[in-house]
Every structure is written in structure tokens, then in C-alpha cells.
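Okay, structure first, notes after.
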Amino acid sequence: MPGQDNDRGQWSSKLGFIFAAAGSAIGLGNIWRFPYVTGLNGGAAFVFVYLLCVLVIGLPYLYAELALGRAIQKNPVGAISSLRPKSGWIWVGGLGIVTGLFILSYYAVIAGWTFGYIFKMMIPNELSFGNFVANPLLVSILFSVFMLLTILVVYGGVQGGIEKWAKILMPILFVLLIALIVYSNLLPGSSRGLSFYLKPDFSKINGSVILAALGQAFFSLSLGMGLMVTYGSYISKSDNLISSGIYVALADTAIAIMSGLIIFPALFAMNQDPAAGPGLVFNVFPAIFKNMPFGIFVGVIFFILLSIAALTSTISLLEVPTAFLVDEKGVARKIAVWIVGIIVFVLGIPSALSQGAVGWLSKPIINGMEFLSLMDFIWGNLSLAFGAFLLSIFVGWVWGAKHAAKELAMGNPGFVRWAPVWGFLIRFICPITIFIILLNLFKIF
Ligand code: TRP
């Protein structure tokens with residue numbers, strides 16, 4: 001197998017890649033971020049724009065990252081510099097790596113809360129979410145533990161670490177969510193939630209709703225920073241990238257939609273505010289479990305699964321900078337993992353302390369966003385969209401849509417017929433749409 005003789009590794013099979021990529025895509029983005037962003041942006045109309053973004057921009061762009069990764073078999077910086085050595089394009093790969101570091105820095109903080117909630121469910125207590133996240137010692141310990149878990153798994157390498165976890169636990173999460181959808185929609189008063197979530201009021205769509213939907217699509221599919229370039233580089237040449245990409249996008253979108261189908265009906269049944277922001281899920285889910293038969297048990301299982309879904313995502317975020325150090329700087333994998341892990345840990349401390357633990361970090365900095373929310377907006381939204389804008393130009397125009405399409409047709413000869421359509425999407429629709437949406441940002445501030 002190519003790449004097996006060095007420190008890079010390869011997925012064991014096509015299914016191995018699908019599970020790992022879906023494991024990266026499915027995470028807090030689906031279950032924590034999607035519902036609260038939907039709630040803040042008015043409900044169903046946002047969901048509609050989000051689905052449109054996934055279909056028209058997310059999926060075609062996903063193929064661009066996968067094709068680049070598998071063709072060159074490198075991390076984003078390496079892939080770009082192999083095609084255009086010593087050009088400014090290398091900075092695009094560099095931006096991806098920096099973005100990954102920053103996203104991981106606050107993502108692992110929230111993952112830490114999720115992990116902490118496993119125990120909070122077990123031990124009877126009245127501790128509110130607000131007081132939970134404002135406890136400096138608690139959040140720091142949880143953040144450290146989660147970073148350590150991530151480091152230890154990535155330490156194990158591509159097959160042993162990442163694949164194994166994703167394969168077993170994602171299906172269990174799926175089944176549990178189905179059961180919760182049924183329960184939540186049987187609560188009295190839940191139907192108003194369903195119409196908030198699914199009956200679009202198109203007058204609610206504006207520039208900032210569209211930007212939020214686009215950012216959410218990139219964030220949820222793990223796009224815009226070269227993660228799929230890196231994961232694509234471990235795919236075998238004979239695998240079908242087209243069908244793999246569809247499975248990943250479908251699974252990711254399905255889990256996000258399902259999460260909303262639990263949250264909004266329950267939320268309206270309990271007369272809570274859908275626009276509550278980042279704490280939404282941490283308040284609503286425990287409230288659901290409280291009145292449910294076997295609620296403690298279900299709650300513990302839920303937060304265990306959510307922690308693992310978050311772990312398969314933090315692993316992927318750590319993997320990109322690690323692969324960069326291994327490929328480009330010749331650092332041994334085990335050392336690279338620790339270097340990256342420690343950098344991320346330092347970057348994440350202000351986020352961990354910004355939910356009430358330290359006063360000045362918790363104050364709104366701009367547009368009502370405190371430190372962690374600001375990080376999420378800059379890196380988890382803007383930077384991903386900007387990265388995707390540049391990378392779609394790189395693949396569509398610099399490397400060339402023809403070369404990329406050839407890579408995509410490998411393992412799927414029928415793609416040749418669709419190649420012109422895809423070429424049009426990646427060369428025109430993706431960059432132009434993203435550009436217009438980003439321009440709109442200046443009106444927001
Ligand atoms: N997609 C993940 C989620 O929804 C988060 C994530 C993992 C991510 N890797 C990424 C986001 C790379 C952007 C880029 O939780």
C-alpha cells in the first residue's frame with residue numbers, strides 16, 4: 001500500500017474512510033452548534049438556507065478537498081506546495097493549519113463540558129449550566145482531560161486510533177437520537193416547536209442569516225481548512241470518492257436535522273427561549289432527561305456518546321497540524337502530536353475561562369460575543385469560509401478543475417459525465433457565492 005512504509009498510514013478500507021470522515025464531520029457542530037445557531041437565526045428559514053449551502057457549495061467543495069488530498073497524498077500545505085512550489089498559495093494551506101489549531105482550542109473546551117455532564121447526570125445536583133461553566137477549576141480540568149484524550153488517540157495513528165472508535169460508536173448515537181426524537185415529539189405542546197423548526201418564514205432571511213448558514217455548513221462538514229485534504233490523502237486510489245462524499249454529507253446532515261427534531265419540540269413544550277445561544281443544548285437535554293423514565297441512564301449514555309462524537313472531531317482537528325509537522329518538517333508522529341497538543345492547550349485557556357470564570361474574558365468584546373463566541377465566529381465561521389473561497393479557486397483554476405475531475409473519476413468512471421457540472425460549481429458558483437456572502441459581513445459590523 002502506498003504511504004504505508006513511512007509515517008503516514010492509510011485507511012484500511014473505503015468504509016474506514018467513510019466512518020472516519022463522518023466521525024470528523026459529526027460532532028458538537030451537529031448537536032450543540034446547529035440547534036443553537038438555528039434558534040438564534042429564526043428557525044426553519046435558516047434550516048432551508050443551510051440545506052441549500054450543503055448541497056450547492058458544501059458537497060462540490062468537499063470533492064475539491066478530497067481530490068486534492070488523494071491526488072497528492074499530503075497535508076494541505078504539502079499538497080499545495082507540490083503543485084505550486086514557493087508560491088503564495090502555500091499560505092492558504094498555512095491558514096488552514098492555523099484555523100485548525102484555533103478551532104480545536106475552543107472546541108475542546110466545549111467537549112470538556114460535555115464530558116463533565118456525564119458525571120453531572122450521574123450525581124444528583126442543582127448546579128445550573130451557568131454556574132457549571134463559570135467554575136474555573138472545573139472547566140480547566142475538563143478541558144485538560146479532553147485534550148489529553150485527543151492526544152492519546154491521535155498518538156495511536158490513523159487506523160488504530162481514529163477508525164476504530166468511529167465505527168463502533170456512531171451507529172449507537174444514531175439509534176439513541178431516533179428514540180429521543182420520538183420521546184420529544186410526544187411531549188404535550190411540542191408541535192409548535194416542530195413548526196418553528198420546519199415551517200420556513202422566508203422574510204427572516206438576510207445577510208447575516210445566510211453567512212451563519214454557510215459557516216455552519218462548512219463547520220459541520222469539516223470543510224475549509226484542509227481536513228478533507230488530509231483525510232483524502234489516506235484514501236486508496238481505487239476507492240470511489242463521489243459516493244463516499246455523499247455518504248459523509250448525508251450522515252452529517254441527518255444527524256444535525258435529527259438533533260433539531262429533539263431540541264425544538266422539547267424546548268417549546270417546556271416554554272423555553274429558542275434564541276438562548278450556546279447554552280441551549282446543555283439546558284434543554286438535561287431538562288428532557290429529568291422527566292423521562294430511566295432519565296438518568298439515558299442522560300449518561302447521551303453525554304457519553306456526545307463526548308465520543310466530539311472526540312472523533314477533535315482527533316481530526318489535531319490530525320491536520322500533526323500531519324503537517326510529520327510530512328513537511330520531518331518530525332516524528334509521536335512528538336508532533338505533543339507539540340500541537342500543547343500549543344492548542346495554551347490557546348484554549350482564555351476560551352475555557354470566558355464563560356464567567358474570569359470577568360474581563362467573559363465580557364462581550366464585539367457584537368455581544370465574549371471570547372469563546374468570538375473565536376467561534378472568527379475561526380469556525382469566517383476563516384473556514386475564506387479558506388474555502390481560496391481553496392476552491394486553487395483547485396478550480398490553479399491546479400485545474402480538469403485534473404481534479406480526473407482524480408474524482410478514478411474509482412467512479414461515470415463521473416466523467418458530471419465533470420463539467422462540477423467544474424462549473426467549483427470554478428464559479430463556490431468562489432463567487434462565498435465572496436458575496438463574505439462581503440455582506442461589512443454591513444453586519
Ligand atoms: N465538523 C465537526 C463538528 O461538526 C467539527 C470539526 C472537526 C471541524 N474537524 C473540523 C470543523 C475541521 C472544521 C474543520 O463538530
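As the structure lists them, so they are numbered: ligands from 1, and atoms in each ligand from 1.
No donor-acceptor distance shorter than 3.5 angstrom exists from the side chain of S220 to the backbone of Q216, with no hydrogens or angles considered.
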Tabulate below the donor-acceptor pairs under 3.5 Å that side-chain atoms of residues 388-395 make, not counting sequence neighbours, or state none.
residue	atom	partner	partner atom	Å
S392	OG	A388	O	2.9
S392	OG	F389	O	3.0

Output side-chain donor-acceptor pairs under 3.5 Å for residues 43-64, partner residues at least two apart or in another chain, one line each.
residue	atom	partner	partner atom	Å
Y61	OH	E65	OE2	2.6
Y63	OH	I242	O	2.6

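Taking the six-membered ring wherever Trp is involved, the centroid distance between the rings of Y231 and F17 does not fall below 6.0 Å.
Under the ring pair (Phe, Tyr, Trp, His ring centres under 6.0 Å) rule, Y117 has a single partner from F289, W32, F302, F132, which is F132.
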Identify the protein atoms, limited to N or O, that lie within less than 3.5 Å of an N or O atom of ligand 1, and list each pair with its distance to 0.1 Å.
residue	atom	partner	partner atom	Å
ligand 1	1 (N)	S24	O	3.3
ligand 1	1 (N)	A25	O	3.1
ligand 1	1 (N)	F219	O	2.8
ligand 1	1 (N)	S220	O	3.1
ligand 1	1 (N)	S222	OG	3.0
ligand 1	4 (O)	A25	O	2.8
ligand 1	4 (O)	G29	N	3.3
ligand 1	4 (O)	N30	OD1	3.4
ligand 1	9 (N)	S222	OG	3.3
ligand 1	9 (N)	S316	OG	3.1
ligand 1	15 (O)	L28	N	3.2
ligand 1	15 (O)	G29	N	2.7
ligand 1	15 (O)	Y107	OH	2.4

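Residues satisfying the ring-ring contact (aromatic ring centres under 6.0 Å, His included) criterion with W397, sequence neighbours excluded, are F428.
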